[in-house]
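Here the structure is laid out as structure tokens; the discussion comes afterwards.
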There are 2 protein chains.
Amino acid sequence: MTKARPTIEEVARRAGVSPATVSRVLNGTARVSREKVRVVLEAVEALGYTPSPLAQSLARGRSYALGILLPDFESPFYSPILQALAHRLEATPFRPVAVPGHWSLARELEALDFLKAQRVEALILLGATVDGAPLEALGVPVVAFGERVGERVFSLLLDNREAAYRATRYLLAKGHTRIAHVSSHRGHADIRERLLGYRRAMREAGLEARVVYGDLTEAGGYRAGKELFARFPDTTAVFAANDQTAIGLRLFLYEAGLSVPEDVSLVGFDDIPLAAYQTPPLTTVRQPARAIGEVLAEAALAVLEGREPLLPKLELFLVERRSVGEVGG
Amino acid sequence: MTKARPTIEEVARRAGVSPATVSRVLNGTARVSREKVRVVLEAVEALGYTPSPLAQSLARGRSYALGILLPDFESPFYSPILQALAHRLEATPFRPVAVPGHWSLARELEALDFLKAQRVEALILLGATVDGAPLEALGVPVVAFGERVGERVFSLLLDNREAAYRATRYLLAKGHTRIAHVSSHRGHADIRERLLGYRRAMREAGLEARVVYGDLTEAGGYRAGKELFARFPDTTAVFAANDQTAIGLRLFLYEAGLSVPEDVSLVGFDDIPLAAYQTPPLTTVRQPARAIGEVLAEAALAVLEGREPLLPKLELFLVERRSVGEVGG
DNA sequence: CTGTTAGCGCTTTCAC
DNA sequence: GTGAAAGCGCTAACAG
């Protein structure tokens, strides 16, 4: 067995003071004489003492836990957000407790139960679909990304519709007219917004919309490509609801012997880390993952301190790379 | 304010029993009469009671926390392992506490301090470089992936050297002779093993080794490609220490107008999710992320229960895709 | 400034 | 079987 960690009691004894005093110097919770401070610090040092967060939490009546509900740990889009979130929390007393909802409402509900049991003080929703009652039941402030949820919830909303509209317009400007969109039934409001932006651009241009559905995974994008080119073989450009879809579809094109961007142009959404390294580098709408994570963390911290969180308007813009060509160019 | 969560006390009062009894029925920790069980369960139900893990931990003297030290949350290789790890832990009383070491020994040490403070009961090391004393200081069992660490540590070791050897042999069999390897100074033992395997295959074939260094990121792979082809323009095949490096290098090739696999063949390592979707699909050595995560979790649980963990020998095998061509083929 | 006294919410002897 | 009582390690009044 390992030697048990020292307790505040032992530190106090060794320093010849009361536990309360030790607590006070460690937390700066009240003025303590220079001398005692010194002795306490020495004892802490000598014993290698670190307070037990467990005991602290129980005594203070707070968990210092921040729940983070995300689809899963391996999503190339959400992972960087989680990374930024965790990073921002490092300097605070709060710890992230991240749980995967596995893209399923049922699993999300389970995750919420878990977070509830953990007594999280606030909840950050990343690409979740839960809403209403279950959230209320948690009884803690909620900060969401991408979805306008309930009343007492702060949402960081990016203008997906506008961005999708502009991405489609970009394709139109390049001379494309037979432009398809790969959407998804899975995923949250953002995905629907992108579809709407695409539709609007097409409608305004007097063009017919071509929509097929994937599931936001590479495999889904591949399948969608297959379906798309079976139904609309003359498509010259496709705007995918996310990068993973675009990348999956790109594999289909490769196998079908269609080149990008010569035969078909491709635009994605998200700008995941690997988008810039595709062949050709993928033109896509950049979602500022880092900033998103920081803003969400900031907002959660604000709410916890009773401040009104400010959710700055983050811009979505198209990153032009090499996957889009000019028609007849 | 939200209503405070009910305590065991309230449940007991409502059921007309003592808190001890409530605890007993909830934990099956002792025999309780049918009648009381019923009443207690009813009260629990009515109040929507969930025990506080905090209080439980304190009272039981254990944290149920499993530390997981990994490079960062956004690595396409480690994320899936974390995902599997977390998944395996879901059905257990243990919770994963994952902290990023940011590929830096200093940050890893900080992370360890944090985990120590959290009183984790065991530690799982994913691609970490810490070793020896700091680990001993934690005073808990350690399960590591990829690195043979200290004495009291269980390591899941895959034969990277052999796999790299075989990957290089594969390239040789395809007729390549001017084969380069992109290694890295960053990263742990695995990376060095891969270099050794490559060297051995080259030596045995009586060929000159061509080694350049990246940093395991796409950007590093790109830079390495630049350096490689400046120094050895006639290279026809490159074996990269990981997929991200290969993908970065592939961008360099694309920009340089060299096609894969016609002009240069490419082999990666890891088989990250996106490898199969590169253009062309990347031939790579598959590391079974899912299995790795599960085995590590299993091992940690075993150690915690006092059992000898069994670390099955997982195989590394080459996944042939389309990024390798035959010389003169 | 500082020690004493109560707990935080739960588990676990220890008796009955 | 079951309740009373004593903590787990720490903080937070409450008196001095």
Side-chain angles (χ1 to χ4, degrees), chain A residues 1-41 43-44 47-65 93 95 116-121 139, chain B residues 1-41 43-44 47-65 93 116-121:
Chain A
M1 279 314 330
T2 337
K3 56 192 175 310
R5 314 281 328 263
T7 74
I8 200 174
E9 181 81 39
E10 305 175 42
V11 175
R13 200 156 38 227
R14 173 160 185 142
V17 301
S18 75
T21 297
V22 176
S23 170
R24 288 194 269 253
V25 346
L26 257 27
N27 299 305
T29 222
R31 205 168 275 310
V32 174
S33 77
R34 285 184 93 62
E35 178 53 13
K36 304 232 167 196
V37 169
R38 202 182 53 72
V39 196
V40 167
L41 258 23
V44 166
L47 265 32
Y49 170 76
T50 332
S52 155
L54 239 46
Q56 289 188 132
S57 289
L58 192 60
R60 300 210 255 240
R62 36 187 322 188
S63 67
Y64 295 102
R95 300 175 312 96
K116 184 174 184 178
Q118 292 293 317
R119 310 298 198 265
V120 295
E121 299 187 23
Chain B
M1 282 311 334
T2 338
K3 56 194 174 309
R5 315 281 328 263
T7 75
I8 200 174
E9 181 81 37
E10 306 175 42
V11 176
R13 200 156 38 228
R14 173 158 184 146
V17 302
S18 74
T21 297
V22 175
S23 170
R24 288 195 267 253
V25 347
L26 257 27
N27 301 304
T29 222
R31 205 169 276 311
V32 173
S33 76
R34 285 186 93 62
E35 179 53 14
K36 303 230 168 194
V37 170
R38 202 181 53 72
V39 195
V40 167
L41 258 24
V44 166
L47 264 33
Y49 170 75
T50 332
S52 155
L54 239 47
Q56 290 187 132
S57 289
L58 192 61
R60 300 209 258 240
R62 35 187 319 188
S63 67
Y64 296 101
K116 184 173 182 177
Q118 291 293 317
R119 310 298 197 265
V120 295
E121 299 187 23

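Lettering follows sequence order; numbering is per chain, from 1.
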Check: A:R119/B:S52 side-chain N/O donor and acceptor closer than 3.5 Å: no
Phosphate contact (D:dT11 OP1 or OP2) by A:T29 side-chain N/O below 4.0 Å: no
Phosphate OP1/OP2 of D:dT2 contacted by B:T21 side-chain N/O (<4.0 Å): no
Residue list, ring-ring contact (aromatic ring centres under 6.0 Å, His included) with B:Y49, at least two apart or on another chain: none
Throw together a table of side-chain donor-acceptor distances under 3.5 angstrom for residues 25-32 of chain A, partners on residues two or more places apart or in other chains.
from	atom 1	to	atom 2	distance (Å)
A:N27	ND2	A:S23	O	2.9
A:N27	ND2	A:S23	OG	3.2

Which pair of heavy atoms, one from [X] and one from [Y], lies closest together, and at what distance?
X: A:A12; Y: A:P19; result: CB-N, 3.5 Å
X: B:S57; Y: B:Y64; result: OG-CD1, 3.9 Å
X: A:L54; Y: B:S63; result: CD2-CA, 4.4 Å
X: A:A15; Y: A:V39; result: O-CG1, 3.4 Å

Between the protein and nucleotides 13-15 of chain D, are there any N/O to N/O pairs under 3.5 Å, and if so, what are the atom names and distances?
none

Sequence neighbours excluded, every pair satisfying salt bridge (Lys or Arg N to Asp or Glu O under 4.0 Å) that has a member inside residues 49-59 of chain B: none
Please report, rounded to the nearest Å, how far the [atom2] atom of [N] is from the [atom1] atom of [X].
X: B:I8; N: D:dT2; atom1: CD1; atom2: C1'; result: 14 Å
X: B:L26; N: D:dT2; atom1: CG; atom2: P; result: 15 Å
X: B:E35; N: D:dG1; atom1: CD; atom2: C1'; result: 13 Å
X: A:R13; N: D:dG9; atom1: CZ; atom2: P; result: 12 Å
X: B:R38; N: D:dG1; atom1: CZ; atom2: P; result: 18 Å

End axis versus end axis in the helix from C:dC1-D:dG16 to C:dC16-D:dG1, the angle rounded to 10°, five pairs used at each terminus: 40°
Side chain to side chain donor-acceptor pair (under 3.5 Å) pairs, two or more places apart, involving residues 8-19 of chain B: B:S18-B:T21
Counterpart residues, side chain to side chain donor-acceptor pair (under 3.5 Å), relative to A:S33 (two or more places apart): none
Side chain to side chain donor-acceptor pair (under 3.5 Å) partners of B:E121, counting only residues at least two apart: B:R62
Min side-chain heavy-atom separation B:Q118-A:R95 under 4.5 Å: yes
Stretch residues 52-61 of chain B: residues that reach within less than 4.0 Å of DNA chain D through a heavy atom: B:L58, B:A59
With B:A59 via side-chain contact (heavy atoms from CB on, under 4.5 Å) - residues at least two apart: none
Along DNA chain C, first and last positions that approach a heavy atom of chain B under 4.0 Å: C:dG9 to C:dT13
